[in-house]
Undergrad: 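Starting off with a structure, shown below.
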Amino acid sequence: MSPPVSATQTQTGEPLWRHFVMAGLIAALLTPLVFFQPFTLIEAKLFDILSIIAPPRPHASNVEVVAIDEPSFSEIGQRWPWSRELHARLAENLRAAGAKVIAFDVIFSEPSTEEADQRFAAALGPDVVLASDDVLTKLDHGIQITRVNPIDPFLDAGAVPGLASVAPDGDVYLRRMPTQPDGFAAEILRLAGEPALSPPEGALIQYFGPAHTYPTASYYQALDPETFLQPGRFKDKIVLVGLSLKAATSADAGAPDTFPTAYTLITGELTSGVEVQATILDNLRNGLFVTPVPRLAVLALLTAAALGAAALSIRGVTWRTGFAALFMVVLLFTGAWLALRFGRIWAPPALPAAAALAVFGARFGLDYARERQLRHAVSEAFSRYLSPDLVAELARDPGALRLGGERRNLSILFCDVRGFTSLSEKLKDQPERLTTLINRLLDPLSEAVLAEGGTIDKYMGDCVMAFWNAPLPSPDHPRRAVRAALRMMDAVSGLNSVLRQEEGDDAPQFSVGVGINTGDCVVGNVGSRWRYDYSVLGDAVNLASRLESLSKEYNVSLILGPATAEAVREDHVLIELDRIAVRGRATESAIFTVLAPASQREDPALAELARLHAEALERYRKGQRKEALALVVRCRSLAPPLAGYYRTLMRKIGEMPG
């Protein structure tokens, strides 16, 4: 179970204030983007996407579009610009069809023929809006704005000019509401007797659909509505007339009056300027335009998102944190859409989401770096005690290492070099040679432990202490410990052979005594605040050390405690050496040694030895000296490698009273 998080610390032990300072620093680094104009294009694209998700609809829009389109060019058969007599006929026919307001999204700023202009002026009146434009000219001392109005005869006839200028964003998408009080759509609403709300500077257009969302009739159809259109099509309607072409009207006329809008992202189509004006009109009439929040509000959202992400990642980055990050990003975007859809407010979520993800990412990076540092520390700390495979496994899962002490069932091994004191005395004038020899011995002994997945606890001069089943679990730890002991004996024999080859008959010959015991211990960091080691404590450790000492007394290389012997009985042929008093127990405990591998259990000589040995110990414990000695003599002849042990046993029998 993880330790509880302090009110002033993160899960990793880092002071809480540092965690939130990191979030604040990330927010500060992202702050310049709030005021960085090119970044607003990213926010604008997000607005396009969110604004077309279930957009609001204007209430009973009474707007009709008369499109100057390709079919009309085909039917009318004139090159652009068309004769103003044609526009006069259109205005008269629309008025006769009941149109409430007629608005031409065409700029008549230059005179044509006198007759055509007079004819068009006669058809105009106070129910007609004609488009005007603002032309920006860059001068050395600034920018000059020139208003281009329809020619005076048209205005004198009662027509009203309306500024039709629009300002696309840097990506050429049209999003900004015109804010001039004499705008084209505003003048149309004024003539229609309908109120028009005044949008704030920077207000955004809410589009209601892709191109041709508004009811549209071709110009040639509107010239003769009784023939081509259903009756009453234009009655009490606001009619907007304008270009709706996919190509330029002539080779030198440039691009037609079309714009990319929010729906261009999904349809790939442009929307005609006249339909954009119809959209602006419904935005003004129904108050559906969108007001962006101030940049300072975006900054506040950014900071709040960074601090919120910091609060959600206090416990470090886990799979739950991934869901928290996803939830927070979804919440920001959902909140932005809800504010847009129902509050007509645009609070761009890009930077707040980026700040949240940056905090989560930074937390992940710090945790990853701390994890790597911990793995390196674990590898460094245990590389001297564990096999490389175990070190790698522990580095992959440092959580398997529970520092501070825990209770576990372990197998503990003590291995001591026999005759080391006399060898040290012999080589007292050659300390370098003594060090070289002991290192050459400890190296294969350590390798035997590591090969069986053991942990080397410490070296105590010529003694090696090792244990199994910590820090990583090892279910067959008694078997591994015994196999390591047998490997040690083989390694000593191999080293003795090498030394004889190198130095001849005078070469030192090593032997070892090993004691192994299995039992519950406390394992963890043991020491002081200045120095500590990963080690084990407990009576099972003391008994293992005692068994190693008894191996010298009983003249055998290996002694196993009772729990170890019971665990490996199926793998090896064991014989009981004796029974000894164990601290904390009322009865004596048997100690054992390995006689042979289990594969030799059916060998007749071995079976006979096991039977005679058991009977000899029984006679010995019953005080039958003569019978016990006879049996021991027979056992010694069957097992020459245990001759030393049987001599010790004969001495013990001889010392028995009467």
Side-chain angles (χ1 to χ4, degrees), residues 37 40-41 44 65 67-68 79-84 87 102-113 116-117 120-121 124 128-191 196 198-205 240-245 247-261 270-281 283-284 289:
Q37 194 63 27
T40 59
L41 291 180
V65 173
I68 303 173
R79 296 184 62 184
W80 187 261
W82 289 341
S83 169
R84 290 174 183 172
H87 296 317
I102 304 167
F104 284 87
D105 187 18
V106 180
I107 299 176
F108 301 105
S109 59
E110 300 290 338
S112 61
T113 65
D117 287 347
F120 188 39
L124 298 176
V128 177
V129 178
L130 300 179
S132 63
D133 191 16
D134 278 345
V135 177
L136 277 67
T137 305
K138 291 185 178 180
L139 303 175
D140 293 339
H141 56 276
I143 296 176
Q144 176 180 312
I145 300 176
T146 304
R147 177 65 58 90
V148 179
N149 278 321
I151 60 176
D152 290 340
F154 298 160
L155 299 180
D156 293 341
V160 176
L163 185 61
S165 299
V166 290
D169 285 345
D171 57 354
V172 197
Y173 276 65
L174 187 56
R175 301 183 184 91
R176 304 291 167 181
M177 285 284 295
T179 56
Q180 299 87 343
D182 59 346
F184 189 71
E187 290 295 336
I188 293 173
L189 288 174
R190 186 177 63 81
L191 293 187
S198 179
E201 193 69 32
L204 301 168
I205 301 172
L240 279 71
V241 183
L243 292 168
S244 181
L245 300 170
T249 54
S250 63
D252 58 351
D257 184 24
T258 55
F259 302 92
T261 67
L270 303 178
T271 300
S272 64
V274 65
E275 193 165 1
V276 169
Q277 293 294 347
T279 303
I280 293 172
L281 185 150
N283 272 256
L284 292 174
F289 52 81

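Numbers here are sequence positions counted from 1.
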Undergrad: Measure across F184 and G162 and return the closest heavy-atom pair with its distance rounded to 0.1 Å.
TA: CD1-O, 3.6 Å
Undergrad: Apply side-chain contact (heavy atoms from CB on, under 4.5 Å) to V129 and R190, showing your working.
TA: CA-CA 10 Å; V129 178; R190 186 177 63 81; over 6 Å; no
Undergrad: List the steps, then state whether side-chain contact (heavy atoms from CB on, under 4.5 Å) holds for T279 with T271.
TA: CA-CA 11 Å; T279 303; T271 300; 5.9 Å; no
Undergrad: Are D134 and S165 close enough that some pair of their side-chain heavy atoms sits under 4.5 Å apart?
TA: yes
Undergrad: Atom CH2 in W80, atom CG in L243: separation rounded to 0.5 Å?
TA: 5.0 Å
Undergrad: Closest heavy-atom contact between A121 and A157?
TA: O-CB, 3.2 Å
Undergrad: Decide yes or no on side-chain contact (heavy atoms from CB on, under 4.5 Å) for V166 and Q277, but give the supporting numbers first.
TA: CA-CA 9 Å; V166 290; Q277 293 294 347; 4.1 Å; yes
Undergrad: What closest approach, in Å, do P200 and T179 show between heavy atoms, and which atom pair accounts for it?
TA: O-CG2, 3.6 Å
Undergrad: Looking at CG of L245 and OG1 of T258, how far apart are the two atoms once the value is rounded to the nearest 0.5 Å?
TA: 8.5 Å
Undergrad: What distance do T261 atom OG1 and L174 atom CG have between them, rounded to the nearest 0.5 Å?
TA: 8.0 Å
Undergrad: Between L189 and A196, which heavy-atom pair has the shortest distance, and what is it?
TA: CD1-CB, 3.6 Å
Undergrad: Drop me the distance from S132's OG to R147's CZ, to the nearest 0.5 angstrom.
TA: 5.0 Å
Undergrad: Show the nearest heavy-atom pair for residues I151 and S109, with the distance to one decimal.
TA: CG2-O, 3.4 Å
Undergrad: When you measure from the side chain of D169 to the backbone of D171, do you find a donor-acceptor pair of N or O atoms at a distance under 3.5 Å?
TA: no
Undergrad: Less than 4.5 Å apart, side chain to side chain, heavy atoms only: is that true for V241 and H87?
TA: no
Undergrad: How long is the span from the CZ atom in R176 to the CG atom in L204, to the nearest 0.5 Å?
TA: 5.0 Å
Undergrad: Nearest heavy-atom pair of A185 and I280: which atoms, and what distance?
TA: CB-CG2, 3.8 Å
Undergrad: Distance from L41 atom CG to R175 atom CZ, nearest 0.5 Å?
TA: 7.0 Å
Undergrad: Less than 4.5 Å apart, any side-chain heavy atom of P161 and any of L130?
TA: no
Undergrad: Hey, can you tell me if F120 and F154 have their rings parallel, tilted or perpendicular (30° and 60° cut-offs)?
TA: perpendicular
